[in-house]
Asks: 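First, the structure itself, so that you have it in front of you.
Whatever order the structure lists them in is the order used to number ligands and atoms, beginning at 1.
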Amino acid sequence: MRFAFFGDVVGRAGRQAAVKHLPRLRSDLKLDAVVINAENAAGGFGITRATADELFEAGADVLTLGNHSFDNPQGISVIENEQRLLRPCNYPPNTATGRGAGLYDIGGFQLLVINVLGRVFMDALDDPFHAVERELSAAPLGDVADAVIVDIHAEATSEKQAMGHFCDGRASLVVGTHQHVPTADTRILVSGTAYQTDAGMCGDYNSVIGMEKEEPLHRFTTRMRGGRFTPASGEGTLCGVFVETDNKTGLAVRAEPIRVGGKMLSPHVPQL
Ligand SMILES: [Fe+2]
Ligand SMILES: [Fe+2]
């Protein structure tokens, strides 16, 4: 099986990069499935029905979220009703809306997607390792699931690497999101799980993690708020990870970064 995961789509620049590049990538890389983190898709914070649909129409099969899941009030009903949209699985039990993992039949493959939030330098949520263990054991790789993707939405590289090793041999891919910068550590761990600490964002890299530079610079240099964060609107780069798995085991046989479009990052597209 071949699939791709793309990091946080930030605003219109990120959505337009998906619309522009994803259809061609899907066909050139013969992708069976595409998963995208969409926590910043609507104006930089949260999601709406229209922004989710734009990404589904561009070629996403499943969307994940993060610490901004519930930022846009319009997104709550989408999280409630859209089975292809996941929010992190380690919110407290009283977070009644949405789901943190899903098993999807995509072109005959059973794909398990798990979305989880880290706790280091983040909100104090339930134990992400315990939550991922619960979801992994509900649909084991190579038995129930043909492939398993774990999106660990976290600030600390240590927590993300720990999650990679925790899932090694039990997931096809563990990939980080939230940092909005792609890391250069794409690899396959010792027991066969593909791993990258952060997928990077889909958005305009002439920015501070996807936002126009002025307000972040103002806040860093004055410690005062000057206005609102606005998503940067230059040409976006699509950033993610390409994985090919063994159809019997569901483990990774190939993992490579994807960087397409925009002018700020060196491009990289895997060749089949
Ligand atoms: Fe994000
Ligand atoms: Fe985030």
Asks: His68 and Asp8: side-chain donor and acceptor closer than 3.5 Å?
Replies: no

Asks: May I ask you to check whether Asn67 brings an N, O or S atom to under 2.8 Å from the Fe ion (ligand 2)?
Replies: yes

Asks: Name whichever N, O or S atom of Asp8 ends up nearest to the Fe ion (ligand 1).
Replies: OD2

Asks: Could you walk me through whether Arg49 and Asn81 pass the side chain to side chain contact (heavy atoms under 4.5 Å, CB included) test, one step at a time?
Replies: CA-CA 10 Å; Arg49 184 73 253 177; Asn81 299 314; 5.8 Å; no

Asks: Just give me the atom name: the N, O or S atom of His178 closest to the Fe ion (ligand 2).
Replies: ND1

Asks: Where does the angle between the aromatic ring planes of Tyr195 and His165 fall among parallel (under 30°), tilted (30 to 60°) and perpendicular (over 60°)?
Replies: parallel

Asks: Are any N, O or S atoms from Asn40 nearer to the Fe ion (ligand 1) than 2.8 Å?
Replies: yes

Asks: For Gly262 versus Glu235, what's the shortest heavy-atom pair and its separation?
Replies: N-OE2, 3.3 Å

Asks: Is the Fe ion (ligand 2) less than 2.8 Å from at least one N/O/S atom of His180?
Replies: no

Asks: When rounded to the nearest 0.5 angstrom, what is the spacing between CD1 in Ile149 and CG in Leu112?
Replies: 9.0 Å

Asks: So that I can check it, does any N, O or S atom in His68 come closer than 2.8 Å to the Fe ion (ligand 2)?
Replies: no

Asks: Side chain to side chain contact (heavy atoms under 4.5 Å, CB included), that's the test. Do Val150 and Glu135 meet it? Break it down for me.
Replies: CA-CA 10 Å; Val150 178; Glu135 303 300 347; over 6 Å; no

Asks: Rounded to 10°, how big is the angle at the Fe ion (ligand 2) from His153 NE2 to Glu39 OE2?
Replies: 90°

